[in-house]
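The structure under discussion appears below in the form of structure tokens.
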Amino acid sequence: MDREKLRRYKTNKKELEAVVQDLDDLQADLDAVEVVAGKVTKSMDDFPYIEEHMTVKMTDPERAAPIKARIRKKEERKAKLEAEIEEVETFIDALPEGMDKQIFEKAYLKGMTQQEIGEAVNLERSSISKKIGAVLKLSHNSHF
């Protein structure tokens, strides 16, 4: 685990909320696209399977296609954010119960400053920083 992923945790959570809202808005936009008659080609159900043309109801492709493309991009971003958030949460959950785990939960899951954490657990800020560095170094060396 690297510090940068841990630092991005809170930002990723906020961005994930925004992406989910964007997806809801885009879906509403897609639902509002008018339905038009479109023509498709199919084979007959029975032999001799002659090609048939039929009319179907579908959303206006010119208006729906760009919305669907934006939805796909937002869903990809959402998946990346969820994966990174899950990675951080899994890393912190895997830490053994104790002071180090409390420090990581407060620093990265709750977004507290090292000064605030130091006051909460009765340690100096520099001790908090050293503990975080030691755990990250250990996890990097052991592929935690």
Side-chain angles (χ1 to χ4, degrees), residues 1-46 49-121 123 125-144:
M1 178 62 55
D2 62 80
R3 266 186 212 263
E4 202 50 45
K5 279 186 184 173
L6 290 165
R7 285 188 183 123
R8 286 193 306 259
Y9 177 82
K10 291 291 269 187
T11 306
N12 286 347
K13 291 284 274 189
K14 289 178 184 176
E15 184 181 351
L16 181 60
E17 290 175 16
V19 168
V20 168
Q21 182 61 50
D22 290 346
L23 282 168
D24 290 344
D25 294 345
L26 287 168
Q27 188 60 51
D29 292 348
L30 185 60
D31 293 342
V33 172
E34 81 177 277
V35 174
V36 296
K39 293 188 178 187
V40 295
T41 304
K42 75 169 211 126
S43 296
M44 290 179 63
D45 294 332
D46 298 318
Y49 307 115
I50 299 172
E51 189 175 271
E52 291 184 303
H53 300 281
M54 55 188 303
T55 303
V56 295
K57 291 183 179 184
M58 56 193 272
T59 56
D60 183 359
E62 290 180 6
R63 291 194 53 224
I67 296 171
K68 288 178 180 178
R70 289 180 60 205
I71 288 173
R72 276 191 299 279
K73 285 183 182 178
K74 292 287 183 182
E75 286 174 341
E76 288 171 6
R77 181 64 183 152
K78 179 183 172 194
K80 286 179 183 178
L81 289 169
E82 287 173 335
E84 194 166 303
I85 288 167
E86 179 68 24
E87 185 179 351
V88 169
E89 290 174 349
T90 301
F91 171 76
I92 293 173
D93 285 344
L95 292 173
E97 289 298 326
M99 183 66 71
D100 292 343
K101 186 171 186 169
Q102 285 181 18
I103 290 170
F104 271 79
E105 287 173 341
K106 291 177 187 315
Y108 299 108
L109 301 183
K110 295 181 180 177
M112 294 173 69
T113 65
Q114 290 182 2
Q115 185 65 40
E116 292 168 334
I117 297 167
E119 291 170 6
V121 297
L123 291 173
R125 191 208 59 78
S126 61
S127 297
I128 301 299
S129 182
K130 287 177 185 174
K131 285 185 175 291
I132 290 172
V135 170
L136 290 176
K137 186 175 182 179
L138 177 66
S139 72
H140 182 69
N141 291 339
S142 66
H143 304 291
F144 211 132

My understanding is that only residues two or more places apart in sequence, or in another chain, count here; which of them pass side-chain hydrogen bond (donor to acceptor under 3.5 Å, both in side chains) with Gln21? Asp25
Please list, one pair per line, the donor and acceptor atoms closer than 3.5 Å that link side chains of residues 99-106 to other protein atoms, with sequence neighbours excluded.
| from | atom 1 | to | atom 2 | distance (Å) |
| --- | --- | --- | --- | --- |
| Lys101 | NZ | Asp93 | O | 3.2 |
| Lys101 | NZ | Glu97 | OE2 | 2.9 |

The reported gap from OG in Ser129 to CD1 in Ile117 (rounded to nearest 0.5 angstrom) is 10.5 Å
Rounded to the nearest 0.5 Å, what separates atom NZ in Lys130 from atom NZ in Lys137? 13.5 Å
Heavy-atom closest pair (Ala107 atom, Ile132 atom, distance to 0.1 Å) is CB-CD1, 4.3 Å
Which distance, rounded to the nearest 0.5 Å, do you find between the NE2 of His53 and the CD of Glu51? 5.0 Å
So does Lys5 pair up with Glu87, basic N to acidic O under 4.0 Å? yes
Minimum-distance pair of heavy atoms, taken over all atoms of Ile71 and Leu23: O-CD2, 3.7 Å
To the nearest 0.5 Å, atom CG of Leu30 lies from atom CZ of Arg63 at 9.5 Å
Apply salt bridge (charged side-chain N to carboxylate O under 4.0 Å, His left out) to Arg77 and list each qualifying residue two or more places apart in sequence or on a separate chain. Glu15
Which pairs count as salt bridge (charged side-chain N to carboxylate O under 4.0 Å, His left out) when at least one residue sits in residues 26-43, sequence neighbours excluded? Lys42-Asp45, Lys42-Glu52
For Lys68, give me all partners under salt bridge (charged side-chain N to carboxylate O under 4.0 Å, His left out), at least two apart in sequence or on another chain. none
Do Leu16 and Ile85 come close enough that some side-chain heavy atom pair is under 4.5 Å? yes
For Glu86, is there any backbone N or O sitting under 3.5 Å from a side-chain donor or acceptor partner on Thr90? yes
Can you name the closest pair of heavy atoms from Gly133 and Arg3 and give their distance? CA-NH2, 3.3 Å
Just jot down the side-chain contact (heavy atoms from CB on, under 4.5 Å) partners of Glu4, sequence neighbours excluded, or say none. Asp2, Arg7, Arg8
Once you round to the nearest 0.5 Å, how far does CD of Glu17 lie from CG of Leu81? 11.0 Å
For Met58 against Pro61, the heavy-atom pair lying closest together: CE-CG, 3.7 Å
Non-hydrogen side-chain atoms of Leu6 and Leu136 separated by less than 4.5 Å: yes
Determine the minimum heavy-atom distance between Leu26 and Ile67, stating which atoms define it. O-CG2, 3.6 Å
Would you give the length of the straight line joining atom NZ of Lys74 to atom CD of Gln27, rounded to the nearest 0.5 angstrom? 14.5 Å
Taking every heavy atom of Val88 against every heavy atom of Met1, the minimum-distance pair comes out as CA-CE, 4.0 Å
Do Gln115 and Arg125 get their side chains close enough for a donor-acceptor pair, meaning under 3.5 Å? no
Cut-off 3.5 Å, side chains only: do Glu89 and Tyr9 have a donor facing an acceptor? yes
